[in-house]
Amino acid sequence: MAEAKEESKSSEESVKLFVGQVPKHMTESELLAMFKEFALVDEVNIIKDKATRSSRGCCFVICPSREEADKAVNACHNKKTLPGASSPLQVKYADGELERLEHKLFIGMLPKNVSEVEVSALFSKFGTIKDLQILRGSQQTSKGCAFLKYETKEQALAALEAINGKHKMEGSSVPLVVKWADTEKERQARRAQRAQSQASNAPHADSQHPSLFGALPMGYVPPYNGYGYQAPGGYGIMPYRMPPMQNQPGYHNMMPHMNQANALRPELGPNMNPRNYHVPPASYVGSYPAVPGLQHPIAYAGGMISPRPMSSSPGSISPAGGNGNSGTSSSSASKSSGGQVEGPPGANLFIYHIPQEFGDQELATAFQPFGRVLSAKVFVDKATGVSKCFGFVSYDSPEAAQSAISMMNGCQLGGKKLKVQLKRDNKQSKPY
DNA sequence: TCATATT
């Protein structure tokens, strides 16, 4: 009441939390009310899909202080499951937030023989050092870089500006590098970037000098011309100014090399692998409606699927009459900016033991013959981009899903047998 | 082995 209207109070000490596992139907006020039971909260922002404006199932929560933020985290993270969610709330500092709060510095180009004491002596001129660690390898040998935390951002900034590129430690011909430490996100990006270039380059190309590599900043451009250390060893700085990472891991571009996999690509056609193309039972062929480019749904049936009589009406596998599927695989399945499209109850499949090299496209293609595929998603590890070998396929009808189960469950694809089941249903029937 | 998503 007597409280002044708090506009955007994104002050230095307010803290942003990221919250996952938020049911898409919840509103910001509902969430605000809920979080206020546990901590002071200034604001809740639901994260929405740019295109559809619908909730992406997560939100940001702004707390006035770190203490309040911690209260919210401790009370909610993995502790509460909101109605309709499949797993408990995920409540954590938003990307970059911890780093921003800690004003952590990275120090590079340290001579290997320099110890904590010497680093401390130099940097304590700018403020009280809260934390300092020199990175060391197996024999405790210094990696030539360190992380350092001050109590305040101002102290860190002062040190950064005074020392970066300017101060040479005794016996060193090269000035120290001081920059804001990478955020977790940047580290992940770098990791993924490296994994990717490793996958596409010859394995001998990675002979970077480790300490130099670690010292080179990715996003930070110093206010002066160069660091001074690029000349001596002839190491160019240029390669480190990388473009934003490509989120598509290299294997997405790999052609599946198994013959069965090729058979899954209508655009390649079964004739690419005549030896692997098995003529399907006539009854099945006859019952399958003529769809351009899709006339070989049984290609992978060849010897792989136990020839079971189709007990359900053959018509039920019709891919949603007259869809605009003009032949190639890349049409209806992969659309929709980010969010997965879910089909009606009973039309969504969970699939396990998907071959490692399959991506969304390949999965969609594999399940296309049984009906209109609304979405197909293979799950990949966030950091490495490696497939987790499971995923989801959604159809527009339960009949299509049943057909896919009967044809594809137990089907040997790659090394293992597919497991194809109805997706578990998390949503409880709406109470009114 | 069942949707991990950072305005």
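Chain A is the first sequence line, chain B the second, and so forth, proteins listed ahead of strands; every chain is numbered from 1. The figures here come from the full heavy-atom set of this structure, side chains too, leaving out hydrogens, waters and symmetry mates.
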Touch class at under 4.0 angstrom, heavy-atom based, for Lys388(A) against every strand present: nothing
Touch class at under 4.0 angstrom, heavy-atom based, for Ser394(A) against every strand present: base
Position toward the 5' end of DNA chain B (nearest nucleotide), Phe350(A) or Gly20(A): Phe350(A)
Exercise answer: donor-acceptor pairs, residues 30-39 of chain A side-chain atoms, under 3.5 Å, sequence neighbours excluded:
from	atom 1	to	atom 2	distance (Å)
Glu30(A)	OE1	Thr27(A)	N	2.9
Glu30(A)	OE1	Thr27(A)	OG1	3.4

Rounded distance in Å - CD (Gln421(A)) to P (dA3(B)): 13 Å
Between P of dT6(B) and CD of Glu99(A), the distance in whole Å: 16 Å
Within 6.0 angstrom of Lys153(A) NZ, more than 12 heavy atoms from elsewhere: no
Centroid under 5.5 Å and tilt under 30°, Phe18(A) to dA5(B): no
Residues two or more places apart in sequence or in another chain: which of them pass salt bridge (Lys or Arg N to Asp or Glu O under 4.0 Å) with [X]?
| X | result |
| --- | --- |
| Glu116(A) | Arg136(A) |
| Glu99(A) | none |
| Asp70(A) | none |
| Lys71(A) | Glu68(A) |

Contact residues, residues 90-97 of chain A to DNA chain B [heavy atom, < 4.0 Å]: Gln90(A), Lys92(A), Ala94(A), Asp95(A)
Options dT1(B), dT6(B), dA3(B), nucleotide nearest the side-chain atoms of Phe60(A): dT6(B)
Short side-chain N/O contact from Ser86(A) to OP1 or OP2 of dA3(B), under 4.0 Å: yes
